[in-house]
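We count ligands from 1, going down the list as the structure has it; atoms in each ligand are counted the same way. Small disclaimer: the values here were computed from a predicted structure and weren't measured.
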Amino acid sequence: MANIQVVADPVQFEEVLKSVTTGACLRVTGRLVASQGEGQGVEVQASEIEVYGTADPETYPLQKKGHSLEFLREIAHLRPRTNTFGAVLRIRHAMAFAIHNYFNDRGFYYLHTPLITASDCEGAGAMFQVTTLDLNNVPHVEDGPQKGAIDYTQDFFGRSTALTVSGQLEGELGAMSLGRIYTFGPTFRAENSNTPRHLSEFWMIEPEMAFYELNDNMDLAEDFLKYLIGYALEHCREDLEFMDKMWDEGLIERLDFVLANDFQRLDYTEGVEILKASGKKFEFPCEWGNDLQSEHERYLVEEHFKRPVILVNYPKEIKSFYMKQNDDGRTVRAMDVLFPKIGEIIGGSEREADYTKLVARMDELGMNKEEMWWYLDTRRFGTAPHSGFGLGFERLLMFVTGMANVRDVIPFPRTPKNADF
Ligand code: 4AD
Ligand code: MG
């Protein structure tokens with residue numbers, strides 16, 4: 001973040017200084033001396049200046065300070081050169097490093113799960129198809145009951161495939177062998193949601209642990225988030241101070257606060273009661289059985305409890321098939337961690353370890369069990385209680401950097417209608 005000042009004799013360097021404009025790249029040789037002027041301790045008195053690369057002031061877009069983030073998004077190939085994106089990208093690196101540190105120190109194994117997959121983990125049906133079929137000449141099944149359907153046996157993998165929405169299902173296989181694993185990789189969602197919190201390509205960290213029940217899962221999630229925030233405060237101080245000053249006054253205070261306080265844990269059902277009793281006018285009505293909207297999550301976190309909240313035991317209808325069913329027959333052992341300014345930062349659950357109950361739920365949802373035979377095998381052979389969660393890496397970075405838009409915490413954001421570079 002810190003710059004060095006170079007002092008050059010305007011007469012001696014008259015010619016070369018003409019090409020020293022904002023954005024140019026130089027090599028300077030000189031003496032490092034105590035500075036005469038204000039604002040810096042030392043400066044370089046140049047004896048040689050070589051210009052490696054000029055940057056024409058007429059066409060180089062980063063001329064002034066204080067460009068808007070919207071403008072910088074249009075020049076994502078150059079924005080890493082700004083102080084802001086330098087800080088964000090350094091923090092991003094530090095958080096990735098800290099994530100591996102955290103798990104490695106605690107006996108978790110990093111498992112690489114596939115990006116090309118045939119299964120839809122979250123069942124949301126918003127996947128990017130992967131195919132090498134000629135889109136101008138798609139083969140069709142010629143006869144039999146499937147007549148007229150696209151003939152995927154002719155596709156690259158001999159079946160239809162897509163980019164993964166989550167590494168969890170394969171992660172569960174790993175946990176049944178290695179005990180505790182985590183994944184950390186890109187995931188893809190073809191939802192058409194144009195919000196400040198959604199990307200079409202984002203990075204997710206998914207730990208999965210044998211013998212963990214929901215409470216252990218919550219403990220891990222809280223400890224993990226606090227470790228990462230503490231790591232940023234310790235190792236990224238200068239960048240955080242810059243972000244606090246430039247973009248989000250109160251950032252460091254907020255990080256300190258989350259570190260110092262217990263997360264509030266409560267049932268979805270209680271959460272809905274609080275929301276209904278709040279007297280607050282929400283854009284979307286809050287009813288038991290509906291998914292919470294970001295405005296509801298933020299009310300609980302920012303106005304009611306004034307701290308992060310872990311909401312558990314959601315209605316089964318709004319959660320995925322693999323979650324452990326509660327005895328009440330209508331809720332599952334899901335957990336969402338809700339953060340100030342972000343809303344949902346983590347989603348996870350205890351998993352249904354009982355083969356019969358899992359199959360019954362898949363039948364209720366009309367899922368294709370034959371295709372999931374490999375997943376069901378975890379429950380057929382030596383099943384074990386287990387749990388896991390997914391942390392959205394960019395949601396974490398929004399919280400840690402204070403950036404309000406998820407497009408500004410990833411080098412090259414992919415969002416609907418935007419994948420130019
Ligand atoms: O809640 P989600 O969909 O959970 C899963 O995918 C589970 N398989 C995780 C698990 O239990 N192993 O996603 C997890 C997190 C969310 O809480 C959010 O932080 C982030 O991933 N996320 C997104 N981040 C950016 N853009 C999107 N479109 C996101 N969708 C989810
Ligand atoms: Mg979720």
Side-chain angles (χ1 to χ4, degrees), residues 95 99 103 108 111 113 117 119-128 163-175 180-209 212 214 216-218 220-221 224-225 228 268 291-294 296-297 301 308-312 314-315 318-324 332-339 341-352 375 386-400 403 405-410 413-416 418:
M95 288 294 91
I99 285 162
F103 287 122
F108 286 65
L111 186 76
T113 50
T117 175
S119 59
D120 178 0
C121 173
E122 293 305 305
M127 301 179 86
F128 289 100
L163 294 177
T164 189
V165 298
S166 158
Q168 177 195 326
L169 301 187
E170 294 89 353
E172 288 186 50
L173 308 180
R180 279 172 283 176
I181 63 93
Y182 68 104
T183 73
F184 184 0
T187 48
F188 307 88
R189 300 202 180 175
E191 307 153 11
N192 205 357
S193 14
N194 253 310
T195 82
R197 288 178 309 281
H198 288 87
L199 290 165
S200 315
E201 175 182 290
F202 65 99
W203 288 65
M204 187 159 38
I205 300 96
E206 296 185 272
E208 191 72 34
M209 298 74 62
Y212 271 50
L214 190 63
D216 309 309
N217 208 23
M218 285 194 270
L220 182 74
F224 178 46
L225 288 168
L228 296 176
Y268 165 91
D291 220 346
L292 294 187
Q293 300 293 324
S294 162
H296 304 136
E297 297 175 341
V301 172
V309 171
I310 310 184
L311 218 50
V312 296
Y314 281 75
I318 56 172
K319 291 292 182 185
S320 302
F321 76 98
Y322 51 71
M323 295 189 180
K324 185 175 168 69
V332 287
R333 295 184 84 67
M335 64 168 214
D336 276 7
V337 181
L338 314 178
F339 256 36
K341 294 191 118 182
I342 310 291
E344 179 188 338
I345 193 165
I346 278 180
S349 73
E350 183 169 348
R351 317 305 188 192
E352 183 54 79
Y375 181 72
H386 63 290
S387 302
F389 60 79
L391 167 66
F393 190 46
E394 286 75 20
R395 300 258 175 107
L396 169 77
L397 287 168
M398 287 174 74
F399 186 71
V400 172
M403 283 301 210
N405 193 311
V406 72
R407 292 166 180 80
D408 298 327
V409 296
I410 185 165
R414 265 76 185 104
T415 50
N418 174 35

Beyond-backbone contact of L292 with D336, side-chain heavy atoms, under 4.5 angstrom: no

Look only at the side chain of N217 and the backbone of G388, and say whether a donor-acceptor pair between them is shorter than 3.5 Å. yes

Ligand 1: protein residues within heavy-atom distance under 4.0 Å: C121, E122, S166, Q168, R189, R197, H198, L199, F202, M204, E206, Y322, E344, I345, I346, G347, G348, R351, G388, F389, G390, G392, R395

Any side-chain to backbone donor/acceptor pair from E350 onto Y212? Under 3.5 Å, distance only. no

Mind checking whether F128 and F188 have parallel, tilted or perpendicular rings, split at 30° and 60°? perpendicular

Taking every heavy atom of F389 against every heavy atom of P207, the minimum-distance pair comes out as O-CD, 3.0 Å

Could I get the full list of ring-ring contact (aromatic ring centres under 6.0 Å, His included) partners for F393, not counting sequence neighbours? F184

How are the rings of F103 and F108 set relative to one another: parallel (under 30°), tilted (30 to 60°) or perpendicular (over 60°)? tilted

Answer yes or no: is there a donor N or O on one side and an acceptor on the other, between the side chain of S320 and the main chain of Y322, under 3.5 Å? no

Under-2.8 Å protein N/O/S neighbours of the Mg ion (ligand 2), ordered by chain then residue number: E344 OE2

Going by side chain to side chain donor-acceptor pair (under 3.5 Å), name the residues that satisfy it together with T164, two or more places apart in sequence or in a different chain. none

